[in-house]
Amino acid sequence: QVQLLESGGGLVQAGGSLRLSCAASGRTFSSYAMGWFRQAPGKERDFVATIKWSAGDTYYADSVKGRFTISRDNAKKTVYLQMNSLKPEDTAVYYCAVRVNPISYYATIGAQYDYWGQGTQVTVSS
């Protein structure tokens, strides 16, 4: 079993920055990829970014490309999401997720992940 704990959310003005963290723990941690998703009120959960744990390859949703950066610290079993130039439409609950098994492409769908965190609220004011 893998547990994920997100942190770093909060209230920020448009144009500001936040960095989210997601720390993984459990008796055995094995990850092929980790991802960030977000869900705004009344909307479906959307893919934000993913990183392949070993190689560090990354992939982003078009809506955040150039503004957000996903990274990981293998030793700390932590993945980060640096969010710059935030917009009010970035307001959502942000979730991190882990995919255990390899796939031949980037995992951008929630069903492709095995474990999820509880989420952290990000609110961007205009």
Side-chain angles (χ1 to χ4, degrees):
Q1 190 75 9
V2 174
Q3 293 82 41
L4 301 174
L5 181 63
E6 301 101 334
S7 61
L11 174 64
V12 64
Q13 288 188 332
S17 299
L18 284 174
R19 189 177 83 152
L20 305 183
S21 300
C22 175
S25 62
R27 290 189 299 173
T28 301
F29 176 70
S30 175
S31 169
Y32 175 74
M34 293 187 73
W36 286 97
F37 289 76
R38 65 187 182 185
Q39 187 168 20
K43 296 188 177 181
E44 295 185 349
R45 182 176 58 193
D46 289 332
F47 167 76
V48 175
T50 186
I51 185 167
K52 294 183 180 180
W53 193 256
S54 179
D57 297 339
T58 59
Y59 185 79
Y60 298 90
D62 288 343
S63 59
V64 306
K65 201 173 296 182
R67 300 188 298 123
F68 291 11
T69 302
I70 188 171
S71 61
R72 88 275 191 245
D73 185 324
N74 295 46
K76 295 182 178 180
K77 297 179 183 178
T78 298
V79 65
Y80 304 98
L81 186 68
Q82 177 67 44
M83 305 185 294
N84 299 329
S85 302
L86 283 161
K87 305 174 181 179
E89 52 263 44
D90 294 318
T91 295
V93 177
Y94 284 70
Y95 299 91
C96 69
V98 169
R99 177 180 173 87
V100 174
N101 295 311
I103 53 174
S104 59
Y105 46 89
Y106 291 105
T108 61
I109 299 171
Q112 294 171 323
Y113 289 82
D114 303 292
Y115 300 99
W116 291 83
Q118 294 299 307
T120 185
Q121 176 70 46
V122 171
T123 302
V124 184
S125 62
S126 58

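No donor-acceptor pair closer than 3.5 Å links the side chain of Gln118 to the backbone N or O of Glu6.
Put simply, the side chain of Ile51 reaches to within 4.5 Å of the side chain of Val79, judged on heavy atoms. By the 4.5 Å heavy-atom criterion applied to side chains, Met83 and Ser17 are not counted as neighbours. At a threshold of 4.5 Å between non-hydrogen side-chain atoms, the residues Val100 and Tyr115 count as touching. A heavy-atom distance below 4.5 Å is not found between the side chains of Ile70 and Tyr80. At least one side-chain heavy atom of Leu18 sits under 4.5 Å from a side-chain heavy atom of Leu86. Considering only heavy atoms from C-beta on, Tyr94 comes within 4.5 Å of Leu20 through its side chain. Between Leu81 and Phe68 there is a side-chain heavy-atom pair separated by less than 4.5 Å. Residues Arg38 and Val64 are in side-chain contact: their nearest non-hydrogen atoms beyond the backbone lie under 4.5 Å apart.
Grouping Ile, Leu, Val, Met, Phe, Trp and Tyr by side-chain contacts under 4.5 Å, direct or through others, leaves Leu11 on its own. Listed by chain and number, the hydrophobic cluster partners of Phe37 are Phe47, Tyr59, Val93, Tyr95, Tyr106, Tyr113, Trp116, where partners are ILVMFWY side chains within reach of under 4.5 Å, directly or through others.
Among pairs with a residue in residues 48-72, those fulfilling salt bridge (Lys or Arg N to Asp or Glu O under 4.0 Å) read Asp62-Lys65, Arg67-Asp90, at least two apart in sequence or across chains.
Atom CD of Gln82 has more than 12 neighbouring heavy atoms from other residues, nucleotides or ligands inside a 6.0 Å radius.
The shortest heavy-atom contact between Ala33 and Thr50 is CB-OG1, 4.1 Å. Taking each heavy atom of Ala92 and Ala40 in turn, the nearest pair found is CB-N, 3.8 Å.
Rounding to the nearest 0.5 Å gives a distance of 10.5 Å between CG of Asp114 and CG of Leu4. If you take OG on Ser126 and NZ on Lys87, they are separated by 14.0 Å, rounding to the nearest 0.5 Å.
In the hydrophobic clustering of ILVMFWY residues, with side-chain heavy atoms under 4.5 Å counting as a link, Tyr105 and Ile109 come out apart.
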Q: Could you give me the CA-CA distance, side-chain angles and deciding distance for Cys22 and Met34, then say whether side-chain contact (heavy atoms from CB on, under 4.5 Å) is met?
A: CA-CA 9 Å; Cys22 175; Met34 293 187 73; 4.0 Å; yes
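Using modelled atom types, one finds no donor on one side chain facing an acceptor on the other under 3.5 Å when comparing Glu89 with Thr91. For the residue pair Asp73/Thr78, the side-chain donor-acceptor check at 3.5 Å is not satisfied.
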